[in-house]
Structure formats: structure tokens, C-alpha cells
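First up is the structure itself, then whatever we jot down about it.
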Amino acid sequence: MVEIKHMCKWYGEFSALHDINLTVAEGERVVVCGPSGSGKSTMIRCINQLEAHQKGTILVDGVEVKPGMKNIELIRREVGMVFQSFNLFPHMTILDNLILGPMRNRGASKAEATELAMGYLERVHIAGQAGKYPPQLSGGQQQRVAIARALCMKPKIMLFDEPTSALDPEMIAGVLDVMIELAEEGMTMICVTHEMGFARKVADRVVFMDEGEIIEIAEPQEFFSNPQSDRAQLFLSQLLGH
Amino acid sequence: MVEIKHMCKWYGEFSALHDINLTVAEGERVVVCGPSGSGKSTMIRCINQLEAHQKGTILVDGVEVKPGMKNIELIRREVGMVFQSFNLFPHMTILDNLILGPMRNRGASKAEATELAMGYLERVHIAGQAGKYPPQLSGGQQQRVAIARALCMKPKIMLFDEPTSALDPEMIAGVLDVMIELAEEGMTMICVTHEMGFARKVADRVVFMDEGEIIEIAEPQEFFSNPQSDRAQLFLSQLLGH
Amino acid sequence: MQSRTAASTPRELRVREEVGLDVRALTRTIWQVAQAVLIFLVLGVLIWRGAQAMEYRWQWYRVEPFFYRVIDGEIIWGPLVKGLIQTLKLAAVSGFIAVSIGFLTAFARLSNSIAGRIIAKWYLEAIRNTPLLVQLFLFYFVLAPIFGIDRFWAGVLCLAFFEGSFAAEIIRGGITGVDHGQYEGADAIGLNVVDKYRFVVIPQSLPLILPPLTGLLISLIKHSAIVSVIAVSELTTAGLNLISDTFMAFEVWFLVAGIYLAVTVTLSISVSLFERSLNKTKR
Amino acid sequence: MDRTSSPPAPPKKRLSLVDFALFAGVAALLLYAGYRVNDVLVYNWSWSRVINFIIRYDETSGAYVANLLLFGLATTLRLAVWATILASIIGVVMGYWRTSENLTLRILSRGYVELIRNLPPLVFIFIFYFFISSQIFPLLGIEDIDRSAVLVDNPMFRVLFGDPQLFPNFLAGVLCLAMFEGAYITEIVRAGIQSVPHGQWEAARAIGLSRTNVLRDVVLPQALRKILPPLAGQFITLIKDSAIVSLISIQELTYLATEVASTTTKVFETWILVGAMYFILCYSFALLFGWLERRASRNRR
Amino acid sequence: AVATSATPVAGQSALEEVLQRGKLRVGMSTFVPWAMRDKEGNLIGFEIDVAKKVAADMGVEVEFVPTAWSGIIPALLAKKFDVIIGGMSITPERNLTVNFTIPYAHSGQQMASNKELAGGFTSLDDYNDASVTIACRRGATPCNYAQKRFPKATLRQFDDDAQAFQEVVNGNAHAMISSAPKPRFWADANPDKVFVANDGEYLTRGDEAFGIRKGDVDTLNFFSNWILVNTSNGWLQETNDYWFKDQSAWKDMVAAE
Ligand SMILES: Nc1ncnc2c1ncn2[C@@H]1O[C@H](COP(=O)(O)OP(=O)(O)OP(=O)(O)O)[C@@H](O)[C@H]1O
Ligand SMILES: Nc1ncnc2c1ncn2[C@@H]1O[C@H](COP(=O)(O)OP(=O)(O)OP(=O)(O)O)[C@@H](O)[C@H]1O
Ligand SMILES: [Mg+2]
Ligand SMILES: [Mg+2]
């Protein structure tokens, strides 16, 4: 589904990612973790080319994505993305946020798009708010809308970038529940998160990054009980000590 | 040292403080806690009139402070204040930050002021950084500089407004150590903080506020082991559960 | 199966390898620049043809004496050079006064003084809501004789009051742009109002104020053209006089435009170079 | 004490010594001016001659009718309205180009903005005017339109564009001003577009929208809120700046004022009255826009 | 299409265009009493009468295009109008850029002086001094004259006569030079501040002519001969007298004092 080979990225002279190799099979669920600044966001943003990489190859569903390529939109439609800060469009109602993509990209009629959107809103347990504007919703609700918006594109894979870290504690559970449901339905997903409970529950593999490199890839049980690298050990101890 | 009687404050129509009564004797150390928005900052900011109150009286060292009074500077020089966000002057070196007050207010010569400042920098264990600029220091170091700056005025009382809450966990200990040393030297202080360890260790009394009112004043042992009001119980349970 | 742990390279050791020249990106860039140049060229040609269509007779050979004449081996500067000097003088003097007015007005607006705020506000409204040309006429024909101000100073003061209103807003923006915590920090160590502004607020607002203020001063050079209507002998006046003497309107206008452009662009570039060197020394 | 009681009224602000000194200073200045006018500057004030050019008594119809200066005011206003509309269109297109990924478009818009901002307005108007009126108009056939056709010579047209006889000139003036102000509006639009948080672009791209759709559906609607207030300000600026087109045979307020001053030799009265006319016009618009903005921001909540 | 519009069709003179269009477009600039506004805001004056008569003789309508003085030549070249009838005096320098007809008026230049500043001057030579300031309308005959006659004096050029005159009233200039009879009108209006220097004698004479585009012989020929005819039959002199002798004939039309 996603294949990253020897991918490198620099910001100017600063090496943000170095020799990244990662293959995610269809239906697989990967959790990425690591200290702040380790390049987690940068890595998953390269997958749909919100950031351009400079070396190596990235294949999404068999198609190579390259910086400056034409029709990058076509690939982005296959890839749903959820951000830490939701990034809903504040000037549109929830429903309009959801139907915008299907209507513009796939030429869906308004009725079709609305039906689809309402379906996903049900799924994230928020159909009652369809007519409201994003700022009127709580953070947790907004994040669930953001997930629904990504799902409306019927993506083959979902990328999550710390979807719960901007939320108040009470809100986190609701969003995680939605993500767990999605995982159980078999959606392929790559998820940057520090919610270790979530990782334990749904992840097929955990990827640990530090300083722009993948340090360790392991199954969650193994990773949590017996991290191989010193840095992962340190990271986990801090996380649990917190 | 500080005497607050029947003090009320509104922001527009919103009642931020209601009927506050609090007396702090010389050498006493008071910790103020309470949920967010309960008016803790507002209360201590009224003491040196960074906020104007509208009703009641506040006496600092026997002098009444009033909104719009002349020579409020004279009172502020008696009262040291440390903010959550340090508020160091970023365009001046650490040393210049410290000597500005003594030179301008007390007409101290540059040599005198520098000597004094270096003394306090020693005391907060940071004398080596005197020539640097604030942005070059870590948060914890900046906060210690802020404390030293306040001390350079030789204040009779120190006010702290959540001095550690903007700091990374590793930084907190250093700042708290300095504050504990200060307390042990007998400085009068009013400290808004959620560091319960600190409160237990140095506070003579703990003031618990909620919704703009003082709900409970008690000795730390009593307050932590056996809070009287429901709200304080709830608050403590959340704080410890966190 | 992927290995569990990878051997890692420390970040400092990962030099950025030359990925090789991206030929496609380079050709695209060149093509796009060429396109833009082409469009500008076409526009230029169209304008030139416009002049042609008017059957205008270009008399560029007549313009040299506008700059200088050599009489008995001595160089006598022509009207355009003299005008330029006068323009620069005008802009410098009124720029200085404008900045002073700007500071005064900004402080008046931020102060507690009711009268200060009212006067500053009316000054700003009056300037903002009337054309500069009308202000100049009023200033020169009505106020100047009343107060006995001469022509040059009438022009200078009028420009200064006009640009001063913009300077005031820039300065006020810079001052209010300083973080509120800085005011509180200054208050908390007991500084009085003057010291608070002198040592804490103004030094920090200068980096916010200076770039737009230099922009303003550069635009002052352009705006100073307007004092030609009261016959202050600056560059535009010199140009207008030449036009009415010789009727060579287009040559003179192009020359005048070229001189203004040269001056403002030179100034903009040197200011940005200066700013860059300032930023560099800061780090 | 009662929690629900409302706060005590804030203390009345009192005038301080400084205030009195300032007011006294201004008053002294005014008095001195008055004294100079009366004693030093001997001048025959004759307001009626100039006011006559604002409104005059028409003997044949026995009513008061508008005269030259009011017509000039109307022309000024018409110029400003049409030029703002056109300049906004230019500004939106150029402002979009300024943020475009295409280098050609960026260079073009940047060149346009820099050129206009670095030339004295007078010079720009002059050169551009002779370009459009000698090149563009003949191509479009504007000069040859039938100025007495029904479509052209009717009251509606007169209200919108003024005297049909002067229409080509008027149009040239509007185009000049629009090109000129367009550069400033370009920068306003660019700032508006760039004020939309980066996350909005990313989110819109992430759901696979094309660049045009991102702008049209997501960015511009949000930028509009930031753009409208400075745009209103620019309209007022345009009312003032329109005085420069008097150079090119358009009879707006300032040009007619010079004519009136010249005919009557009443320089003081003319400029004081014309200054007041501009002030009233611009200030009313400033108040109107301020009110609209406050109302809009209240509705938003 | 572009090529033909860029190079004018040979033989298409302004004269023919006017006849085809049925309308003569005249460029002018306000200049009492050559052209000015009456109480109703209409244009009146010597030039207005001349232009109306030219148009009537051609059998076409007339349209006036008031234009700021500094824009009047480019506007002519850009074909905003067919001819300038604007009190424009002939100078060789200008003649290099535009064509002039034979003169249709011969203005005399008078000087209005400030009583306080120049009251003690006994001869014109007193004005030729570095401390003296003389105002005039930009690009008109008086400016050229002043430059030559008073080379030491400072010259101030304005876009408009009224501004130049106001300078004298305000005491910023010693004197202003303008074509007769304006200096006298103004001296009459401000008797305690201003007087007409040189006992009202003309300082110099100017020759005013129509200005037209270069290379258009037909039009030049027509206008020159029109002026010739109307000089011979006395019409020009008559009209000139009406406007320039004194203001009594038309004062009521402009003033409402
Ligand atoms: N646009 C940028 N320009 C320059 N450096 C950048 C940019 N974006 C990120 N970086 C740097 O790249 C490194 C990796 O950033 P990235 O955001 O991917 O980290 P992260 O693992 O997502 O961290 P976090 O947990 O804080 O989100 C960081 O050191 C960051 O400072
Ligand atoms: N300048 C202001 N204008 C209006 N309301 C204000 C202002 N400052 C504070 N408030 C309100 O007054 C109340 C008390 O604020 P205050 O900052 O004193 O709370 P706090 O106890 O310090 O909270 P925190 O723990 O979040 O710092 C809050 O509800 C706050 O929203
Ligand atoms: Mg990140
Ligand atoms: Mg607080």
C-alpha cells in the first residue's frame, strides 16, 4: 500500500529525515512514535507530498509520488489525512466541510455527497451537528469531523498526525474510540500518536523514530515490554513516568 | 504586610473577584491555589495595581493602594513580582535586565547595581550567564533571572504567579529550589502555584479560591489531608489524579 | 522481515548530498522567467507604438542642457539636477519633521490626556479625509500668509503633517505591538512612565517601526512632487517648467520618472541591505 | 454583600492641567490666526461668490440648482466608485498571482506592483493615459461610439457615468486610477490570502482539491474578511487621489476648484470650501464603513 | 489592423476628421478673460467666442475640453482635441514641437506690483535685483519676458494666474506679470495692496496663436486663413475689445459680489 525506500529530506542544510525505509501492507495499522522533533510529522507528510522529499522513492498504491509531479491530487484523494489542529474550514458548516471534497473532486451531486457525508457523520457519532460551524464545536467533536471529512474521500489509507494531542483529556476518548472502530473495520492506517493504550490495542507494528531516523520497528507487545534501543527505552520511561 | 479588605473587582459586567479578605503578616508565606479562572492571578495583580480593583481596600506595608493613585511606582518597588511568562526584556543582557531597576529607581551607580545584581545572580545559581540575552537561556534559567530581577529591588514582599507552569518538567526543580531557599531566608511571599510539594514544604497557609471568592484558608497539613469545602476536595482529587 | 533496530548516523554527520541538478525544474524556471520578460517586452513595445501613433517627434538630442551645460569650461548644473537636489532637501527636512510629529501624535493617542487624544484624533481625521493637494493649497494660500511662513517651509510643513499622520499610525502600531508582558515587567520593577518607554518599550518597538517607516520616507520622495503646484523649485516643478518652455512633454516626463525611479529604488535597496547587515550582526 | 450587584460606575475622567494647557494652546493659535487675518492680512472675504459655484439660484426656473463644484464632486465620486470596482478586480487577480506557484505570474504581478509603487503617480497617470487613449481605445472603438444613442444618452447613464460627451475621457480616467490603485489592492489581497493559516491550505490539499478550488472554496472566502476593511479605506484614498486625473482633461472637484479660484480670484474661500467638501465626503464614508464593520463583527458572534 | 492604426492614413488631416465628425474639439485652459466660468458654470471669454465662430464658419458643432496647462500638449498629440485655442503665445522653442497658426491676438503684458514691497521702485530696472521675486503663469509669455528683462530676480512659476496674483497680494512676490487687462482688474479689486507698475504701459507684447499637430498642412492653412479673414473684417479686434478693454461689459456675467 505504501512503500518508502531510502527516503531522505532536508530543510535547507538541516537533515530532517535520513534513509527512511518502511512498507505498510494493505489493512495494516502502524503507530509511529518518538520524541518531539524526531521527524514523525515530516515522514507522514511526505507520503501525500505536503512536504517534498529529496531522495529515495515513495510508492502509494503502486504509484510513485515525486516532488513537483502532476496530478498529485489524484494520489491525495487516495490518502486521508487528519491533523493535530483539525484544520476544518471555519467559514463552512460541518456538512459543507464534508461535501466539498466529493463534489469538487468526483463531481458528485450535492444530494449524493450529502448522503455520503451524513453517513460518515453518523459513524463518528456527530450527525446532530451537521448544520453548525466548526468554532461552535468542542475540540473532540471537531477532530471527529476532521476524520469524517477525510473518510468522505473514500481513501485507501488514513494518516493521523497526533490527532489527540491538542485535545482536553475528556475529549480524547471519543476520538480514540472512532479511530479504534476504523481500525477494526480494516482501514489501512499510519498513526503518529503517544497514546500507548491505543497503540497496544490496534497497532500491528510500532515504529520508533529519533533524530530523523527509524530506530526500531516492532510489534507493540515486544516494543513496550522489551525495547531494543537505549533511546526507545529512555523515551518509554519518560512517557510512562509522566 | 499586606491587608486586603472586602475587595471586589469586575471586568466590565463580569465579577472577577468578590469580597476578598486576606491578611499576610511579615515573613509569612502564603500559597494560593484553585481552578483555572478562579481569580488567583487577578487577586495578586491587584496588590501592586497591575489591575485596578473597584471596591474595598488594599494596604501594602501600611499604605493604601488605590486605582489611579500617584506614585504607585513607590509601592511597586516594595513588591517584587514574578510572572508565569518571565517577562524579561529581550533586548537587554541578563545583567542589564537586573541593574535597570536599581539604577533608575534608586539612583544607584552602575558599579553598585552590578555588584548587587551579580550577588543575586549567584543566589539563583546563574551568575555565569550574566552577559547573555534572555532568548539564549532555557525557560528555567529565565525564570530564575526573573526572580533575581525582582530581588534586586530589595522588595519587602514577593508575589509569584504560577512561576513554574510554563516550564518543561526538567526545569521546574531548579526554580522551586530557589524559591524554597528564599522562603527559608524569611522572605514574605504570596505564591500562586499548583506545586503541592512546594506548598507542603514552605507554606504557612494555603488559600483556596474558586469563582472569584476565597473559599478556604488553612494550614497546608490540614488543607491537604482534610479540606473543608466540597470544591477544594474535588480540586485536590483532580490535581492528584492527574 | 525488517530488522528491529537500525544502525543510525548522527545528524551532524549526515551531509546533504548533491542530488544533482534538477534539469526539469531549471528549464521550467528559465522558461517562466523568459515568459514574464516577454510579456513585459510586449507591453513596452505597445506603449512605444502608442507614442509612434501620436506621430510624436522624439527630440532626445535636446535634453542634455536639462542636466548641465558647459560654459567656459565651467559646468553649470541644469534645472533637473538642481530640482533633484531640492527634492532631496525637501524630503529630508520634511521626513525628519514628519517622524517627530508621528512620535508626538502616537504618544498623544496612547496617553491618558483627554485633550491630547482629542487633538491627535482630529489632526489624523483632518489629514486622512482631505486630498494632499487641497491640504497644500489651504496650507500655502490660507495658513502660510496668516502665520507668515515662506514657500519652502510651507511645502515642508504640509508634507510633514501629511506623512506625519502615517508615521503616527506606524509608530502607534509598533508601540502597541510590544508584548503586554513587557509593560507589566517594567511596571513590576517600579519604573516610572518615562523610563518604561525609554528603556523597555521604545527599544523593542523600533524593529517593528523602522522598516515601514523607511518605506514611508521613500514614498515621501514621490509625494514631494506635489509641492510643484506652489512653485517650490523641486524636480517635478523643474520638469513642468521645461515642458512649458519646450513642449517636449514625453521626453521630460520620462526623464523625471527615471530620476525618481532611480532614487527610490536605490534607497529601497540600500535600506534592505542595511537591514540585512543589522540582522546579521544581531546573530 | 451581594454578588449579583453590578460594578460601581468607573470614576469620571477629569481634565488635568495638561489638558487645559493643550486646549489653551490650540485656542491661542486660533485666536492668533484670527487676529492676523483681520489685522495683518487685509482680505476681502466674499464667500457668496464661491458658494454660488456650489449651488446657485436659477432665475428661469426660480429654484436652487447645483453648480460646477457639486458636479465636480459627483464626478469625483463616480471616478472613485468605478475605479475601485475595477481596481478590486485587478487586485484580486494580481494578488492571487502574487501568491501563485507559477514564477511567470509572480514576476508579472511583482513587476506591476513595484513599478507603480516607485513612480510618482503624476508621471504614471500621464504615460499610461496616453497609452490607453491612443492604443486601446481605437482598438475597442470607444472613441467612435454613438454618444446620442438611446442606450447612452439617458438619465441612468448620466447618473452612472456622467455626461455621455465626456465618456471616453471619463473611462480613460477610471482606467488610469484603477491601474494605479490596483497595485495597492494587490498587496491588500496578498496579505489577506497569506493571513489564512497554513493549515487551511494543507487540509484543503489533503482532501485532493486543485489549487484553484483551494483558493475559491477555502482561502478567498476566509481572506475576504481581512480584505474588506482595508479595501474600504482604499476607496476613501481613491476619492482623494482622483484629483490627479485633472491632468488629463477630467473635470473633477479639484480641477473645477482651480478654475473657480482662477475665475473669481477668491483663493481662500475656494480652497476652504473645497477642503470642507472633501472632508465631509470622505469622513462620512469613513463613519459608514466603520459602522458596517462593527455591525458585521457583532453579527459574527 | 494594428499596423494601420499605428501609421496614420495619409491625407487624413484633422480638418477632414472634424468635418466628418461634425464637431470641432478645442483644448483650452481657464485664463481670465480668455476663458472662464460664468455664474451658471458655463464657459465664456474671448477664446470661447473665437472657437465658437470658427466652428460656426466650418459648419460644425464645438466641444470644449478644459485641460490642465501641463497636460495640454500631450493631449493634443494624443488627439484628445483638434486644436488648442488657449491663449498660447508663439515661441521658437515651442514651435519646434507644435505648429502655430498666424497670431489671432496680440496681448500686452502688464505688471501688478505689491504696494508695500515695490511701492518705492522708480523704474523697471529696480526689479532687476536678487532680492526681488516675480510671479507668473508657467510657460506663458510673461515668464519668458521676465527671465530676459529681470535676469537677477527670482522667478516663481504657477499653474494658474490667480495663484501667481495671490502671491503678490500676500506679499510673497514683489510683482506678477500677466497679459492685460488682468493686472488692472486685480489692482482695481485690491487698491490698497496692489498697483499696476510702469504706469500701466505694456512691458512687452505676445503673439497668441492656435496650436496644432505637426505635419498637418491642411489644417494649418485653414486656421491661418480663417484668422487672416477675421482680422481683415475686424471681427477679431471687435471681440478682443469687448473682453479686454474693460470688464464692464461682462462683469455681471461672472461676478456676484
Ligand atoms: N518548515 C520547516 N523548516 C525547517 N525545519 C523544519 C520545518 N518543519 C520541521 N522542521 C524541523 O524538522 C524536524 C522534524 O520536525 P517534525 O515536525 O517532523 O517533528 P515531529 O517528530 O513531528 O515532532 P512533534 O512531536 O513536535 O510534532 C524538527 O527539528 C523541526 O524543527
Ligand atoms: N483583562 C480581562 N478582561 C476580562 N476578563 C478577564 C481579564 N483577565 C481575566 N479575566 C477573567 O477573570 C477571571 C479570573 O482570571 P484569572 O486570570 O485571575 O484566573 P486564574 O485563577 O489566574 O486562572 P489561571 O489558573 O488560568 O491563570 C477569568 O474568568 C478570566 O476569564
Ligand atoms: Mg509533529
Ligand atoms: Mg493565572
Side-chain angles (χ1 to χ4, degrees), chain C residues 28-29 31-37 39-40 46-47 49-51 53-54 56 108 111-116 118-119 125-126 128-135 137-138 141-143 145-148 218-219 221-226 228 235-236 239 249-250 253-254 256-257 260-261 264-265 268, chain D residues 13 15-16 18-23 26 32-33 36-37 40-41 43 102-108 111 114-115 117-124 126-128 130-132 134-135 138 236 239-244 254 257-258 261 267-268 270-272 274-275 278-283 285-286:
Chain C
R28 198 174 51 227
T29 311
W31 167 232
Q32 289 180 340
V33 174
Q35 264 181 327
V37 171
I39 292 174
F40 276 121
L46 278 179
I47 290 182
R49 290 186 72 114
M54 289 193 305
Y56 189 75
S111 75
N112 284 326
S113 157
I114 298 171
I118 291 177
I119 294 170
E125 295 293 358
R128 247 186 241 151
N129 290 307
T130 47
L132 178 55
L133 192 64
V134 173
Q135 283 165 29
F137 280 135
L138 276 174
F141 289 115
V142 182
L143 291 184
I146 289 177
F147 292 104
I218 290 171
S219 82
I221 293 178
K222 287 185 306 162
H223 281 145
S224 70
I226 201 147
S228 62
L235 186 54
T236 304
F250 285 95
W253 277 126
F254 275 119
V256 168
Y260 275 112
L261 208 58
T264 51
V265 169
S268 310
Chain D
K13 288 230 172 86
L15 292 173
S16 68
V18 183
D19 292 318
F20 283 116
L22 279 172
F23 279 134
V26 172
Y32 178 69
R36 297 274 300 188
V37 169
V40 182
L41 192 86
Y43 184 79
N102 185 324
L103 196 60
T104 312
L105 301 181
R106 276 210 313 272
I107 294 178
L108 282 181
E114 291 298 331
L115 193 71
R117 285 206 302 195
N118 282 302
L119 277 181
L122 219 59
V123 175
F124 167 78
F126 216 78
I127 294 169
F128 185 70
F130 292 108
F131 168 63
I132 48 174
S134 66
Q135 283 296 96
I236 292 173
I239 293 180
K240 299 188 287 159
D241 284 355
S242 63
I244 46 176
T254 303
T258 55
V267 179
F268 284 23
T270 309
W271 289 116
I272 290 174
V274 169
Y278 270 112
F279 182 80
I280 292 169
L281 185 67
C282 295
Y283 195 56
F285 274 112

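Labels below follow one simple rule: chain letters A, B, ... track the order of the sequence lines, proteins then strands, and each chain is numbered from 1.
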Do you know which of [options] has the most heavy-atom pairs with chain C at a distance under 4.5 angstrom?
| options | value |
| --- | --- |
| D:L115, D:V18, D:L22 | D:L22 |
| D:F23, D:F20, D:F128 | D:F23 |
| D:A33, D:A257, D:A243, D:A261 | D:A33 |
| D:L105, D:L281, D:I272, D:V274 | D:I272 |

Measuring heavy-atom distances to chain C, does [X] have an atom under 4.5 Å in its side chain, in its backbone, in both, or in neither?
| X | result |
| --- | --- |
| D:T254 | side chain |
| D:I236 | side chain |
| D:D241 | neither |

Check: D:L108 and C:F40 side chains under 4.5 Å, non-hydrogen atoms: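 Sidechains of D:L108 and C:F40: in contact.
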Min side-chain heavy-atom separation D:L103-C:W31 under 4.5 Å: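 No - every pair of side-chain heavy atoms lies 4.5 Å or more apart.
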Non-hydrogen atoms of chain D under 4.5 Å away: do they reach the side chain of [X], the backbone, both or neither?
| X | value |
| --- | --- |
| C:L132 | neither |
| C:L133 | side chain |
| C:I119 | side chain |
| C:S111 | neither |

To check you understand the geometry: which heavy-atom pair defines the closest contact between [X] and [Y], and what is its length?
| X | Y | result |
| --- | --- | --- |
| D:R117 | C:K222 | O-NZ, 2.6 Å |
| D:Y278 | C:P131 | CG-CD, 3.3 Å |
| D:D19 | C:G116 | OD1-N, 4.1 Å |
| D:Y32 | C:F147 | CD2-CE2, 3.4 Å |
| D:K240 | C:R128 | NZ-O, 2.7 Å |

Compute whether any side-chain donor of one residue and acceptor of the other, for D:T104 and C:Q32, lie under 3.5 angstrom apart.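 No - no donor-acceptor pair under 3.5 Å links their side chains.
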Could you go step by step and tell me if C:E125 and D:Y283 meet the side-chain contact (heavy atoms from CB on, under 4.5 Å) rule? CA-CA 8 Å; C:E125 295 293 358; D:Y283 195 56; 3.3 Å; yes
Rounded distance (nearest 0.5 Å) linking atom [atom1] of [X] with atom [atom2] of [Y]:
| X | Y | atom1 | atom2 | value |
| --- | --- | --- | --- | --- |
| D:R36 | C:L143 | CZ | CG | 12.0 Å |
| C:Q35 | D:N102 | CD | CG | 6.5 Å |
| C:I226 | D:I244 | CD1 | CD1 | 8.5 Å |

Would you check, one step at a time, whether the test side-chain contact (heavy atoms from CB on, under 4.5 Å) holds for C:V134 with D:W271? CA-CA 7 Å; C:V134 173; D:W271 289 116; 4.1 Å; yes
C:T130 vs D:C282, side-chain contact (heavy atoms from CB on, under 4.5 Å): CA-CA, chis, key distance, verdict: CA-CA 7 Å; C:T130 47; D:C282 295; over 6 Å; no
Using a cut-off of 6.0 Å, state whether more than 12 heavy atoms not belonging to C:N112 lie near its atom CG.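 Count not over threshold, so no.
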